[in-house]
Amino acid sequence: MLCILLCRDDRSSMSAAIRLERSQFTDEMDTRFGFERMKDPGEKTGWLINMHPTEILDDDKRMVSAVDYYFIQEDGSRFKVPLPFKPYFYIATKKNCEREVISYLSKKFQGKVAKLEMLPKEDLDLPNHLVGLKRSYIKLSFNTVDDLMKVKREISPAVRKNREREKSNDTYTSMLSSALAGGSVLAVDEDGMSKKTSDQMDNIVDMREYDVPYHVRLSIDLKIHVAHWYNVRYRGSAYPPEIILRSDLVERPDPVVLAFDIETTKLPLKFPDAETDQIMMISYMIDGQLTNKCFPSTVCDTFSE
């Protein structure tokens, strides 16, 4: 057992090292293109042109998920700033089982789940949701997207199994199957809802917002969108940067735009396959200047403008 735990720790530390190396490589490549991270405290105004999920080290030297925001300033200079944000998703439980499930998950996923909290949310599946009825959901927050994916992979099969059980079994058959399987007795509360206390995973009946891309999730929650001007205030690594919309600035800068297209051969009704299909032509355009390169023919030896 000790060997298994050590192997898991080794894999986890190796994964963190690989992710850190990938993040450092991305920083190096961005610096080559002029997008250097803000390191000194200060304030800049920039036009947001792109965003990309990344991971950074916090003050405790732990990997945390963040989004790199890429800006162009009025004078054409560039910079980027990482904004840490805890990824999350929601789960729903059987009625009046939320606290038991929170206690169970906090122990089962200790070290992976950063925070558990119960929140009322609108549920469009409720019959009377238009009158303002809300349902209690458990919000699971994580330090990294990697931790979120690991926990999601463990919870998803249980949710899928519980949904199928709810569709196929009524209350009587559920009690009967539990008794025949040697499970614990189902306790029925005053609302007539059953609660199974032996395995709290059986009480998780739904997952929400688990498939929203991380950078999209952050931008929706904090209302940070591309093609707008923002004031970026950086106060050091101990504090998250402040990205404030400048709605008074409407004139956009003139960025350098690169577009490309690759034409290949392929079988009928099939997508191109890199193993068998050949590249016929690559076209790219920079600031309105089109360049084509033909590959099959010996006539097109060089790029022609």
Side-chain angles (χ1 to χ4, degrees), residues 13-87 114 142-149 212-260 284-289 291:
S13 60
M14 185 181 302
S15 174
I18 293 174
R19 286 163 22 222
L20 178 60
E21 184 179 349
R22 186 187 304 127
S23 176
Q24 293 172 342
F25 175 77
T26 300
D27 287 343
E28 181 183 342
M29 293 300 297
D30 288 341
T31 302
R32 293 183 181 181
F33 288 95
F35 292 98
E36 189 170 358
R37 281 187 177 177
M38 292 184 67
K39 297 178 181 178
D40 300 325
E43 184 172 338
K44 295 182 178 181
T45 300
W47 194 69
L48 183 61
I49 64 167
N50 201 3
M51 63 184 74
H52 192 272
T54 186
E55 288 184 308
I56 60 176
L57 290 175
D58 63 6
D59 289 341
D60 297 326
K61 302 302 179 183
R62 296 179 305 177
M63 294 288 291
V64 295
S65 288
V67 171
D68 274 333
Y69 287 98
Y70 297 77
F71 294 91
I72 295 181
Q73 294 182 269
E74 194 171 6
D75 61 358
S77 59
R78 309 166 187 176
F79 71 95
K80 73 172 185 177
V81 62
L83 179 59
F85 187 82
K86 294 185 184 300
F142 306 85
N143 287 320
T144 66
V145 175
D146 187 66
D147 288 339
L148 181 148
M149 297 301 295
V212 180
Y214 171 65
H215 63 289
V216 176
R217 171 81 282 162
L218 192 159
S219 296
I220 291 175
D221 287 2
L222 301 185
K223 296 180 174 59
I224 301 175
H225 307 294
V226 171
H228 289 80
W229 288 96
Y230 291 91
N231 273 0
V232 181
R233 185 179 298 118
Y234 184 70
R235 298 178 295 169
S237 59
Y239 305 95
E242 297 179 12
I243 302 178
I244 304 171
L245 177 66
R246 288 289 305 272
S247 55
D248 57 313
L249 299 178
V250 294
E251 189 71 23
R252 69 177 188 178
D254 189 18
V256 177
V257 178
L258 166 65
F260 67 91
Y284 69 88
M285 179 182 290
I286 301 179
D287 278 357
Q289 296 185 356
T291 301

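Nothing here was measured: the structure is a model prediction, and the numbers come from that model.
For D58 (side chain) and D60 (main-chain N/O), a donor-acceptor pair under 3.5 Å exists by modelled atom type. Under a 3.5 Å cut-off, the side chain of S219 and the backbone N or O of H215 do form a donor-acceptor pair.
Residue T31 holds its OG1 atom at 12.0 Å from CZ of R78, rounded to the nearest 0.5 Å. The OG1 atom of T45 sits 8.0 Å away from the CH2 atom of W229 when rounded to the nearest 0.5 Å. Note that CZ of R246 and CH2 of W47 are 15.5 Å apart. Values are rounded to the nearest 0.5 Å. Distance check, rounded to the nearest 0.5 Å: NE2 of H225 to CD1 of I220 gives 8.0 Å. Note that OH of Y234 is 12.5 Å distant from CZ of F79, once rounded to the nearest 0.5 Å. Here the CZ-CE distance, from F142 to M149, works out to 10.5 Å after rounding to the nearest 0.5 Å.
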Full working for side-chain contact (heavy atoms from CB on, under 4.5 Å) between E251 and E74: CA-CA 10 Å; E251 189 71 23; E74 194 171 6; over 6 Å; no
Please lay out, stage by stage, how N231 and E43 fare under the test side-chain contact (heavy atoms from CB on, under 4.5 Å). CA-CA 7 Å; N231 273 0; E43 184 172 338; 3.2 Å; yes
In sequence, state the C-alpha distance, the side-chain angles, and the governing distance for V64 and I56, and then conclude on side-chain contact (heavy atoms from CB on, under 4.5 Å). CA-CA 6 Å; V64 295; I56 60 176; 3.7 Å; yes
Test side-chain contact (heavy atoms from CB on, under 4.5 Å) applied to D30 and Y70, step by step: CA-CA 9 Å; D30 288 341; Y70 297 77; 2.6 Å; yes
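Residues R22 and E55 are not paired through a salt bridge, judged by the lack of any N-O separation under 4.0 Å between the basic side chain and the carboxylate.
For the pair K44 and F71, the cation does not sit on the ring face, since its NZ or CZ is not both under 6.0 Å from the ring centre and inside 45° of the axis.
Scanning both residues, I224 and L83, for their nearest heavy atoms gives CD1-CD2, 3.9 Å. The heavy-atom pair separating S65 from T144 by the smallest distance is OG-CA, 3.1 Å. Between S23 and T54, the closest heavy-atom pair is OG-OG1, 3.3 Å. What you find for R235 and P240 is that their closest heavy atoms are NH2-O, 4.1 Å. Minimum heavy-atom separation, P241 to P82: CG-O, 3.3 Å. Between H228 and V226, the closest heavy-atom pair is ND1-O, 3.1 Å.
For the pair M51 and D68, the minimum side-chain heavy-atom distance is 4.5 Å or more.
By the neighbour-count criterion of 12 heavy atoms within 6.0 Å, atom CZ of R37 is densely surrounded, having more than that number from other residues, nucleotides or ligands.
In summary, of the residues considered (V216, V81, L222, L218), a side-chain contact (heavy atoms from CB on, under 4.5 Å) with V67 occurs for L218 alone.
The aromatic rings of F85 and Y214 sit tilted relative to each other, their planes meeting at an angle between 30° and 60°.
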